[in-house]
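The figures that follow rest on heavy atoms only: side chains count, while hydrogens, waters and symmetry mates do not. Every chain is numbered from 1 and lettered A, B, ... according to where its sequence line falls, protein lines coming before strand lines.
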Amino acid sequence: MDSPAGTTDALPTIEIYNTLTKKKSAMVTVKPGHVGIYLCGPTVYKPSHIGHMVGPVIFDTVKRYLEYSGWQVTWVVNITDVDDKIIAESTARGTTMAKLATEMTADYLANLAALGVESIDHMPKATDFIGPIITCIEGLIAKSAAYASDGDVYFDVTQDADYGKLTNRTVESMQGEGGLTVERKRSAADFALWKKAKSGEPFWESPWGPGRPGWHIECSAMSRAILGEHFDIHGGGLDLIFPHHENEIAQSESLHNCPMATYWMHNGLMQAAGASGKVGGRARDAAIGSEASSQDAAQQAASQAATKISKSTGAEPFKNLLERHRPEAIRMLLLSTHYRSPIHFGEEALSESARAMEAFERLFARCQRVTGLSFYTLPLQNRRQGNATVAAAGVETQALREKFLAAMDDDFNTAVGIATLFDFVRVVNKHIDQQGLEKSPSDVARTLLDAMLLVLRELTGILGLFVKEPEATRSSADQATVGKLMELVIEIRARARAGKDFATADLVRAKLTEAGITLEDRPDGTHWTQK
RNA sequence: GGCGCCGUAGCCAAGUGGCUAAGGCAGCGGAUUGCAAAUCCGCCAUCGUGAGUUCGACUCUCACCGGCGCCUCCA
């Protein structure tokens, strides 16, 4: 696309797959140079699990990339803190909805921080927007798009000509549905904008009596309040497309007579790998309607097949997962699959991701021995425009950078981006090998290495990987002691080697390996790492 | 039943109507090493099955088999 109204010549073209149109198209923003993103966040009634982290990590990366590419980005993630499930859970725990929501929101935020998701600009809570929500509902009633019914308010899908456009559904096709409130609705597909409070439930006063907002309306109200009536990108998990996003569109567009969001981006869902570690295998349950067979199916699923994680036994609290796996490895796993694909998640996948990640960390350690500088302290280049550093980094490196950027321009293909980073690691290692940088560094080769590392830092930074030095797992006092001991062991072993006593040297190394410590005899001395 | 998605090497996972089908893990061979480890070099797939469209398909169409999601709450 050549210079459409919403872009400037300086900005690159970024293709985005749009659920609404079912194809990719170049991003054209509502306001030139600015991107507004709304991501549906969690309902805070339980500790968050890995599935809740997918969207935030993806959009954190999207935001990093768009800013790097020159846009100004406003990213909103809402917190649903009023909902039937929160009420039920808080009642069961003997606490209040507000307290439970506060506690679970803190859990969510801590998990996001661990994964390096720190760029959310607004996290509105539904309960802070009751006024605007009521205003939206009044507006819809005034337009005859909604009606009050015995203390509830429903959206009237028959009044919305293009209802169902996101998921290719028609109102007629949905007439079979309903639920407990069916007698209060005009048509079964109508959905609640306002729910009358039952006794003992938390409530807010409204023109229709005491009650609370329905699920979908908060997103319409809060996105309008923060991003405006028409914003650029609305995201969420694939499972939210219907009914949630379909209904958001219905509400917002009936109210505003303009598109709610230009692009609808949906991420694939986490799949829990079965006990065998393999995905797939479960025969479709033929009698899904029956309670008994559903339970059977659930048991089978737990034992052998892949299932959506929120319905599987794999939905353990994310913070438990963090006790077993490093957040960097988790982030890398999430980004090593294209965001629209399902991610097969399990212990095996995580360990593999961790192993792959260590190739980067070994490179960082190796480079630090050469340059004396920690990768984590290198400046983050966050401007896409080429610069002297890129030019100085060599043609091979430049080509990889171009490949990385082209992949990200094409619907944020982080999987290809990560693949190019592995190539990058190889190029840098080869440079160190070939130039003998660990033995006799020449100034020219050293300068080239420095430039390469700055570019690598630039690209990993876009993905939010290796931004900060991993936290030490033990106290610094312990570390100092172990370090001293290892110095001693290595010194003694070096004497054995000098005296050709390889039996002793190998024994030391083998015993250390058993203890989880790896020794490497490198050109510049013996180094050790601990698993 | 309705609306969608997927099926690529031992495992994970990109991608394309015709140039060598990315990358990772595992494996194999070589360089390097006292031996290792690490690193580098090389090897390792014809793309679920069948039919069709096309000069040409893994990439498009149809059927079938298998897997998944949504249609009620779900990131």
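- No engagement by A:I241 is indicated, since no non-hydrogen atom pair under 4.0 Å with the nucleic acid exists.
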Enumerate the protein-to-nucleotides 6-8 of chain B contacts in which both atoms are nitrogen or oxygen and the separation is below 3.5 Å.
none

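- Between A:R426 and A:D433 there is no salt bridge, since no side-chain N of the basic residue sits under 4.0 Å from a carboxylate O of the acidic one.
- B:C60 and B:G52 make up a base pair, with Watson-Crick or G-U wobble contacts both under 3.5 Å.
- Contact annotation for A:D83: no contact, since no heavy-atom pair falls under 4.0 Å across all strands.
- Stacking annotation: A:F422 is not stacked on the base of B:G24 (requires ring centroids less than 5.5 angstrom apart and an interplanar angle below 30 degrees).
- Across all strands shown, A:D506 has heavy atoms under 4.0 Å from base atoms, whether or not it also approaches the sugar-phosphate.
- Between A:R93 and A:E89 there is a salt bridge, since at least one side-chain N of the basic residue sits less than 4.0 Å from a carboxylate O of the acidic one.
- Across all strands shown, B:C70 forms a Watson-Crick or G-U wobble pair, both distances under 3.5 Å, with B:G2.
- Annotation: side chain of A:H122 is not in contact with side chain of A:W75 (no heavy-atom distance under 4.5 Å).
- Side-chain nitrogen and oxygen atoms of A:N267 include none within less than 4.0 Å of the OP1 or OP2 phosphate oxygen of B:A75.
- Sorted by residue number, the members of residues 508-517 of chain A with any non-hydrogen atom under 4.0 Å from RNA chain B read A:R509.
- The side-chain heavy atoms of A:V428 and A:C367, taken from C-beta on, include a pair separated by under 4.5 Å.
- Across all strands shown, B:C44 forms no Watson-Crick or G-U wobble pair with both distances under 3.5 Å.
- A:R331 and A:T61 share a donor-acceptor pair across their side chains, judged by distance under 3.5 Å alone.
- With B:C11, B:C40, B:A75 as the candidates, the nucleotide lying closest to the side chain of A:C40 is B:A75.
- A:S48 comes within contact range of no nucleotide atom at all, as no heavy-atom separation falls under 4.0 Å.
- The P atoms of B:G2 and B:C11 are separated by 33 Å, rounded to the nearest whole Å.
- Checking B:A22, B:A14, B:A75 against every side-chain atom of A:V416, the shortest atom distance belongs to B:A14.
- Counting only heavy atoms from C-beta outward, the side chains of A:I50 and A:I343 never approach each other to under 4.5 Å.
- Comparing B:C71, B:A75, B:U39 against the side chain of A:R362 picks out B:U39 as the nearest.
- The gap from the C1' atom of B:C71 to that of B:A14 amounts to 31 Å, rounded to the nearest Å.
- Here A:R366 lies in heavy-atom contact (under 4.0 Å) with sugar-phosphate atoms only.
- If you take atom P in B:C3 and the same atom in B:C43, they sit 48 Å apart, rounded to whole Å.
- Within the 4.0 Å cut-off from OP1 or OP2 of B:A75, not a single side-chain nitrogen or oxygen of A:H49 is found.
- With a cut-off of 3.5 Å on both Watson-Crick or G-U wobble distances, the partner of B:G7 is given as B:C65.
- With rounding to the nearest 0.5 Å, the separation of CG in A:D152 from NZ in A:K196 is 7.0 Å.
- In this structure, the nucleotide among B:G15, B:C40, B:A75 sitting nearest to the side chain of A:N413 is B:G15.
- When the P atom is used for both B:A37 and B:A26, the distance is 12 Å, rounded to whole Å.
- For the 3.5 Å distance criterion, the side chains of A:D409 and A:T13 fail to qualify, holding no donor opposite an acceptor.
- Side-chain N/O atoms of A:R355 include none lying less than 4.0 angstrom from OP1 or OP2 on B:G24.
- We find that CG of A:D423 is positioned 19 Å from P of B:A13, with the value rounded to whole Å.
- If you measure from atom NZ of A:K430 to atom P of B:G42, you get 7 Å, rounded to the nearest angstrom.
- Note: A:F360 CZ to A:F424 CZ = 10.0 Å, rounded to the nearest 0.5 Å.
- For A:L240, whose side chain is taken as the heavy atoms from C-beta onward, the closest listed nucleotide among B:G24, B:A75, B:C71 is B:A75.
- Comparing B:G34, B:G23, B:A75 against the side chain of A:D239 picks out B:A75 as the nearest.
- Across all strands, A:T420 comes closer than 4.0 Å to no nucleic acid atom at all (heavy-atom distances).
- Rounded to the nearest Å, the gap between the C1' atom of B:A21 and that of B:G15 is 7 Å.
- At the heavy-atom level, A:L519 lies under 4.0 Å from base atoms of the strands shown.
- With salt bridges taken as basic N to acidic carboxylate O contacts below 4.0 Å, none links A:K24 and A:D411.
- Separating the P atom of B:A36 from that of B:G27 is a span of 15 Å, rounded to the nearest Å.
- Salt-bridge annotation for A:R169 and A:E246: absent, with no side-chain N of the basic residue lying under 4.0 Å from a carboxylate O of the acidic one.
- In this structure, the ring of A:F318 has its center no less than 6.0 angstrom from the ring center of A:H52.
- Under 4.0 angstrom from either OP1 or OP2 of B:G2 there lies no side-chain N or O belonging to A:N168.
- The shortest distance between the side-chain N/O atoms of A:S341 and the OP1/OP2 oxygens of B:A14 is below 4.0 Å.
- Across all strands, A:K403 comes closer than 4.0 Å only to sugar-phosphate atoms, never to a base (heavy-atom distances).
- Spacing of P atoms, B:C70 relative to B:U54, comes out at 40 Å, to the nearest Å.
- Nearest-nucleotide positions on RNA chain B place A:Y17 closer to the 5' end than the other of A:A503 and A:Y17.
- Nucleotide B:U32 forms a pair with no other nucleotide shown, judged by Watson-Crick or G-U wobble geometry with both contacts under 3.5 Å.
- When each of B:G24, B:A14, B:U39 is scored by its nearest atom to the side-chain atoms of A:E352, the top-ranked nucleotide is B:G24.
- Both distances falling under 3.5 Å, in either a Watson-Crick or a G-U wobble arrangement, occur for no nucleotide opposite B:A37.
- Ionic pairing of A:E201 and A:K195 is not present here: no N-O contact between side-chain nitrogen and carboxylate oxygen is shorter than 4.0 angstrom.
- Between A:E520 and A:R362, none of the side-chain N atoms (NZ, or NE/NH1/NH2) sits under 4.0 Å from a carboxylate O, so this pair counts as no salt bridge.
- One can place CG of A:L335 at 12 Å from P of B:A14, the figure rounded to the nearest angstrom.
- The distance from atom CG of A:D81 to atom OG1 of A:T127, rounded to the nearest 0.5 Å, is 3.5 Å.
- The partner of B:C19, taking Watson-Crick or G-U wobble pairs whose two distances both stay under 3.5 Å, does not exist in any strand shown.
- Judged by distance alone with a 3.5 Å cut-off, a donor-acceptor contact links the side chain of A:R497 to the base of B:G34.
- Residue contacts for A:G164: at a heavy-atom cut-off of 4.0 Å it reaches no nucleic acid atom on any strand shown.
- As rounded to the nearest Å, B:G48 and B:C5 have C1' atoms that lie 16 Å from one another.
- Contacts between residues 520-527 of chain A and RNA chain B, defined by a heavy-atom separation below 4.0 Å, involve A:E520, A:D521, A:R522, listed by number.
- Residue order along RNA chain B, read from the 5' end via each residue's closest nucleotide, puts A:A349 first among A:G237 and A:A349.
- Among the protein residues, A:G236 comes within range of the sugar-phosphate backbone only, with heavy atoms under 4.0 Å from sugar or phosphate atoms but none that close to a base.
- Between A:R509 and A:D521 the shortest side-chain heavy-atom distance falls below 4.5 Å.
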